[in-house]
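Everything below concerns the one structure shown next.
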Amino acid sequence: MAKSIDVSDLNIYYGDFLAVEGVTIPVAARSVTAFIGPSGCGKSTFLRSLNRMHEVIRGARVDGKVLVDGQDLYADDMDPVNVRRMIGMVFQRPNPFPTMSIAENVLAGQKLNSKRMKKSEADDIVERSLRSAGLWNEVKDRLDRPGSGLSGGQQQRLCIARAIATQPEILLMDEPCSALDPISTSVIEDLIHELKKDYTIVIVTHNMQQAARVSDTTAFFNLAGVGQPGRLVEHGPTEKMFSNPEDPATEAYIQGRFG
Amino acid sequence: MTSIQSTARKRSTPTRPGDRIFRGTSIAAALTILATLAGVALFLTIEGIPGVLASPDEVKHGTTFIDYVVPLVFGTLLAAVLALALAIPVAIGVALYISHYAPRRLASTLGYIIDLLAAVPSVVYGVWGISFLATALVPVYSWLERTLGFIPLFAGPPSATGRTILTASIVLAVMVLPVITALCREIFLQTPRLHEEAALALGATRWEMARLAIFPYARSGIISASMLGLGRALGETMAVAMVLSASGVITFNLISSTNPSTIAANIALTFNEATGLTVNALIASGLVLFLITFLVNFAARAIVERRKDFSGAN
Amino acid sequence: MTSTLQPTSPPTPSPEIAKSLRGRSLPTWAPKAIGALSVALALVGVFGPVGFWLVFVAWLVAAIVPLWSMFVEGRRKATDRFVTLLVTTAFVIALFPLGSILTTVVTRGAPVLSSDFFTYSMRNVLGEGGGIYHALMGTLLITAAAAAISVPIGLFTAIYLIEYGEGKRLARWIRFLVDVMTGIPSIVAGLFAYALFVIFFGPGVRMGVGGAVALSVLMIPVVVRSCEEMLKLVPNELREASYALGVPKWRTIVKVVLPTALAGIVTGVTLAVARVIGETAPLLIIAGLTDSVNFNLFDGRMATLPVFTYFSIITPGVPPGPSIERAWGAALVLLIIVMLLNFAARLVSYFFSPKGER
């Protein structure tokens with residue numbers, strides 16, 4: 001488990017519109033990489049291109065290379081569906097399936113693909129995933145209740161459990177705490193620390209402190225100007241990025257002078 | 001733009017058989033709709049043309065198709081327009097009552113009650129119209145003739161059964177009322193709250209607020225709702241066929257016992273006894289009705305579309 | 001603002017301002033009392049022994065309010081009150097036919113209902129007796145067949161429009177054509193089915209399945225419309241969550257989108273069935289009427305409730321009494337079926353919508 005990612009010279013388009021230009025960045029295995037930057041600079045778009053979720057939107061496409069352990073995700077014979085099985089994703093707002101129970105939500109990756117498994121095996125996955133997501137103790141007595149009955153923070157951890165139940169190599173998180181209160185946020189941040197042992201994690205966040213707290217590496221995205229594509233300004237170890245960034249724009253953003 | 005997309009699509013990789021089958025089924029279903037509509041136009045034309053071309057002695061009605069269909073078109077339009085004239089003011093009133101006058105908690109229930117009117121099968125309207133409404137209206141008609149007889153519309157002599165074009169129009173009005181009401185209600189509820197409050201803040205009474213804020217906003221919506229109602233009224237068959245005692249004349253006399261028939265009612269009444277080219281003539285008259293309703297509905301949709309463009313700005 | 005700068009100004013407003021703000025108005029009890037009186041009079045007029053003319057008196061009583069207001073409150077308020085009266089009147093007018101239809105059909109139809117009425121057909125019946133068994137079966141069979149045709153086509157079309165067709169020209173066309181189809185008069189749908197079947201079976205064809213085809217033409221657009229609305233309501237986030245788990249699109253649709261929208265779809269389909277089950281005109285043309293039970297959709301005439309009702313009242317035979325009674329009975333049964341379907345649709349959407357959704 002846990003693989004590294006190598007992105008080289010990636011351009012992302014919506015139709016004719018170039019949204020993100022020329023991103024080249026390596027992501028180490030078993031580390032947390034945070035993407036920061038002002039709204040609309042293409043962080044989320046870039047994140048979504050890492051598991052080909054990006055092309056769900058009509059007219060969206062990319063060129064460039066995304067290598068996961070040397071395999072190009074955008075190679076001609078790559079099936080986006082398989083790519084997404086390998087790379088899990090957690091969204092901005094918790095989105096458990098309203099028609100499924102908590103246990104079914106955790107097993108959604110298997111169930112929706114009609115994978116057959118024994119009851120004991122399924123129970124195992126549910127327990128393991130919920131434990132990893134730090135939710136087991138809170139929900140173990142009501143696994144058959146609807147997932148939408150949980151609180152926002154619990155729902156988000158359920159979504160994390162759902163994402164790791166399929167045992168992906170990489171976990172992408174798109175502002176996973178932006179819809180949560182501070183306490184749920186800190187629970188999820190602790191969780192990210194735990195998950196780092198097994199997964200490569202990439203997280204988009206608007207919260208500078210969060211990036212500083214959870215990530216090993218930070219990448220700063222910015223817009224070149226109005227109507228210009230977003231681009232990667234610089235990336236490096238989080239400590240260095242926050243204490244001594246190379247680009248003045250990064251420093252200005254981190255110190256809250258704009259964005 | 002399309003070229004860029006198509007190259008991207010080509011690059012995008014092995015589609016799964018499941019996806020291909022499902023997508024194919026969906027498109028096939030959508031195309032079925034296209035085929036059905038084309039089929040309606042095509043089959044009615046194929047079967048209708050012999051009826052249009054038939055000479056007077058080959059068909060039961062014994063006239064050319066034009067002479068046959070013109071009084072029917074007249075009756076169809078007369079009944080539908082009368083129905084609308086009766087229904088629109090009431091529908092607007094009801095819609096306004098539900099959207100702005102009724103107590104908030106009752107509004108949706110009241111709307112549901114009016115919607116029930118749309119659920120009543122047309123044959124039940126027919127039974128009600130022929131045996132209750134027509135009889136109940138007989139004294140009204142003789143009163144109309146006595147007091148308003150100088151107007152050609154009410155020249156009489158009044159029908160003794162009450163089965164006149166006016167009765168049919170009243171039944172039609174009741175039938176299209178829920179259609180128009182439902183649409184108007186939606187539109188009234190969509191009136192921007194800010195406009196309403198702006199009017200009230202200027203010291204307007206509730207009615208002045210309606211005139212200042214609601215009606216200007218809803219005008220095109222009311223028009224298109226009425227057109228859709230018109231489409232319904234034009235095509236409604238059974239209620240008219242049962243209520244109206246028709247003799248295929250052209251007259252504006254609304255309360256006499258000789259009334260024009262409508263296309264739809266005429267088909268329903270004569271189809272089962274018709275043979276040979278008469279059937280084809282009836283199908284051709286159905287085609288005429290289809291074209292009329294198509295035009296009316298098309299106009300209504302066009303108005304709705306234009307309105308969308310306008311409201312898209314905010 | 002200015003008052004806060006002048007703390008010394010007295011807290012009570014000046015009497016002139018108070019007077020101009022209050023204005024002269026009707027006592028608050030007056031409109032309510034007059035309204036109540038008017039409603040009471042109208043109810044007596046409708047249900048009581050006095051006569052229908054009392055309803056007009058009731059209206060005139062209600063009209064006192066704007067008239068009185070004219071003298072006390074002035075023209076603007078009087079107009080407002082008058083419009084309130086008119087709008088309320090419109091609503092009451094709309095209630096009259098509904099009430100009248102329900103009461104006449106129930107009072108005249110209810111005595112006819114008996115177990116024989118439901119279990120006998122009209123075979124070899126002259127005058128009294130007989131029932132609607134054959135028509136009831138015909139209606140159920142033809143409507144079921146129509147639903148079997150319409151639901152798959154309608155549902156898949158809606159899936160195409162929402163899941164695959166976004167922004168495509170074909171989808172815009174299909175949406176437009178569905179609108180056009182909604183406006184097809186029911187008799188034209190019947191003629192279409194007839195014209196279609198004539199080509200295969202020759203003139204004078206009558207067949208239950210033809211009725212199903214005709215009803216489908218009316219039903220498909222309704223199904224497409226309601227399914228489309230329901231699929232639109234499924235949050236995009238659920239689709240994305242599913243894709244992100246590596247679920248192919250078609251499985252996402254079948255296992256996530258459709259179950260989430262299921263309650264709405266069932267409601268929509270039930271309402272569509274309720275709409276076509278009462279259709280008369282197309283069945284009159286293509287399914288015809290027979291006195292006996294016919295379970296075969298592909299073999300000859302098939303009686304249905306609406307058509308049975310129609311012929312029973314239009315050509316009652318001699319003596320007309322029993323036939324007209326049967327017409328009322330059949331009309332009542334039809335009305336009950338339609339109302340039950342509407343009610344069921346409400347219940348489904350009320351109880352089975354997924355809870356806790358944003």
Side-chain angles (χ1 to χ4, degrees), chain B residues 16 18-19 22-23 25-27 29-30 32-34 36-37 39-40 43-44 46-47 89-90 93-94 96-97 101 110 113-114 116-117 119-124 126-128 130 132 174 177 205-208 231 234-235 237-238 242 264 267-268 271-272 279 283 286 289-290 293-294 297 301, chain C residues 76-77 79-80 83-84 86-88 90-91 93-94 97-98 100-101 104-105 153 156-157 159-160 164 170 174 177-181 183-188 191-192 195-196 198 203 217 220 248-251 253 274 278 280-281 284-285 306 309-310 313-314 327-328 331 334-335 338-339 342:
Chain B
R16 288 150 179 279
D19 266 332
F22 204 78
R23 183 189 165 85
T25 316
S26 306
I27 294 180
T32 311
I33 289 191
L34 209 121
T36 309
L37 266 173
V40 171
F43 289 125
L44 290 187
I46 291 176
E47 291 292 315
V90 180
V94 174
L96 199 59
Y97 179 79
Y101 281 77
L110 296 181
I113 291 176
I114 298 298
L116 275 186
L117 271 179
V120 176
S122 57
V123 72
V124 175
V127 174
W128 172 74
I130 193 173
F132 175 83
V174 176
L177 180 76
T205 60
R206 191 149 52 165
W207 164 237
E208 286 161 350
L234 287 170
T237 313
M238 298 321 294
M242 292 169 80
I267 296 171
F271 194 85
N272 277 298
V279 174
I283 291 177
L289 175 63
F290 177 57
T293 49
F294 177 82
N297 281 308
R301 300 290 173 192
Chain C
R76 282 180 61 205
K77 280 210 167 160
T79 315
D80 187 42
V83 171
T84 308
L86 282 187
V87 165
T88 317
F91 184 75
I93 288 178
L98 185 64
S100 168
I101 288 169
T104 29
V105 174
I153 294 180
F156 272 102
T157 303
I159 288 173
Y160 171 74
Y164 293 106
L170 177 63
I174 297 291
L177 292 179
V178 168
D179 277 345
V180 171
M181 224 170 152
I184 292 184
S186 57
I187 190 115
V188 172
L191 287 178
F192 158 68
L196 176 67
V198 157
V217 173
I220 288 172
K249 186 162 185 162
W250 75 276
R251 278 185 187 279
I253 296 170
T280 320
L284 188 68
I285 288 188
T309 311
Y310 170 71
I313 204 155
I314 290 293
W328 284 107
L334 192 58
L335 196 61
V338 171
M339 294 295 162
N342 272 282

(message) Can you tell me which portion of Phe132(B) sits under 4.5 Å from chain C's heavy atoms? Options are side chain, backbone, both or neither.
(response) side chain
(request) Using atom types as modelled and distance alone, determine if a side-chain donor or acceptor of Thr157(C) lies under 3.5 Å from a backbone N or O of Ala29(B). (result) yes
(request) Kindly write out the residues that satisfy side-chain hydrogen bond (donor to acceptor under 3.5 Å, both in side chains) with Ser100(C), not counting sequence neighbours, or none if the list is empty. (result) Trp128(B)
(message) Report which part of Ile314(C) has an atom under 4.5 Å of a heavy atom belonging to chain B: side chain, backbone, both, or neither.
(response) side chain
(message) So does Trp207(B) get a backbone contact from the side chain of Asp80(C), meaning a donor-acceptor N/O pair under 3.5 Å?
(response) yes
(request) Locate the shortest heavy-atom distance separating Pro121(B) from Val338(C); write the atom from each residue and the value. (result) CG-CG2, 3.7 Å
(message) Measuring only between side-chain heavy atoms, which start at C-beta, is Arg23(B) closer than 4.5 Å to Trp250(C)?
(response) no
(message) What part of Asn297(B) gets within 4.5 angstrom of chain C, counting heavy atoms only: side chain, backbone, both, or neither?
(response) side chain
(request) Check Val124(B) against Ala331(C) and note the closest heavy-atom contact, atom names and distance. (result) CG2-O, 3.9 Å
(request) Would you mind reporting whether Thr84(C) and Tyr101(B) have side-chain heavy atoms less than 4.5 Å apart? (result) yes
(request) Taking the side chain as every heavy atom from C-beta outward, state whether Ile184(C) and Thr293(B) have any atom pair closer than 4.5 Å. (result) no
(request) Provide the closest heavy-atom pair for Thr237(B) versus Ser186(C) in the form atom of the first, atom of the second, distance. (result) OG1-OG, 4.1 Å
(message) Using a 4.5 angstrom heavy-atom cutoff, name the option from Val188(C), Ile153(C), Ile101(C) with the most pairs to chain B.
(response) Ile101(C)
(request) Using non-hydrogen atoms and a 4.5 Å limit, figure out which bit of Ile114(B) sits close to chain C: side chain, backbone, both or neither. (result) side chain
(message) What's the separation between atom CD1 in Ile33(B) and atom CZ in Phe156(C), rounded to the nearest 0.5 Å?
(response) 13.0 Å
(message) Need one label for Val90(B): side chain, backbone, both or neither, based on atoms under 4.5 Å from any heavy atom in chain C.
(response) both
(message) Which atoms of Val40(B) are under 4.5 Å from chain C, going by heavy atoms: the side chain, the backbone, both sets, or neither?
(response) both
(message) Which atoms of Ile46(B) are under 4.5 Å from chain C, going by heavy atoms: the side chain, the backbone, both sets, or neither?
(response) neither
(request) With a 4.5 angstrom heavy-atom cut-off, could you sort out which part of Leu116(B) is near chain C: side chain, backbone, both or neither? (result) both
(message) When you compare the side chain of Ile267(B) with that of Leu191(C), does any pair of heavy atoms fall below 4.5 Å?
(response) yes
(request) Not counting sequence neighbours, which residues clear side-chain hydrogen bond (donor to acceptor under 3.5 Å, both in side chains) with Ser122(B)? List them please. (result) none
(request) Heavy-atom pairs under 4.5 Å with chain C are the metric here; pick the option from Val174(B), Leu44(B), Val279(B), Val127(B) that has the most. (result) Val127(B)
(message) Could you report the tightest heavy-atom contact between Gly235(B) and Pro185(C), atom names first, then the distance?
(response) CA-CB, 3.6 Å
(request) Name the region of Thr32(B), side chain, backbone, both or neither, that has any atom closer than 4.5 Å to a heavy atom of chain C. (result) side chain
(message) Out of Thr104(C), Ile93(C), Val105(C), return the one with the most heavy atom pairs under 4.5 angstrom to chain B.
(response) Thr104(C)
(request) Quick one: closest heavy-atom pair of Val94(B) and Ala90(C), and the distance? (result) CG2-O, 3.4 Å
(request) Under 4.5 Å heavy-atom distance to chain C, tell me which part of Met238(B) shows up: side chain, backbone, both or neither. (result) side chain
(message) I need the single residue from Val180(C), Val217(C), Val178(C) that forms a side chain to side chain contact (heavy atoms under 4.5 Å, CB included) with Leu37(B). Which is it?
(response) Val180(C)
(request) List the atom of Leu117(B), the atom of Ala94(C), and the distance in Å for their closest heavy-atom pair. (result) CD1-O, 3.8 Å
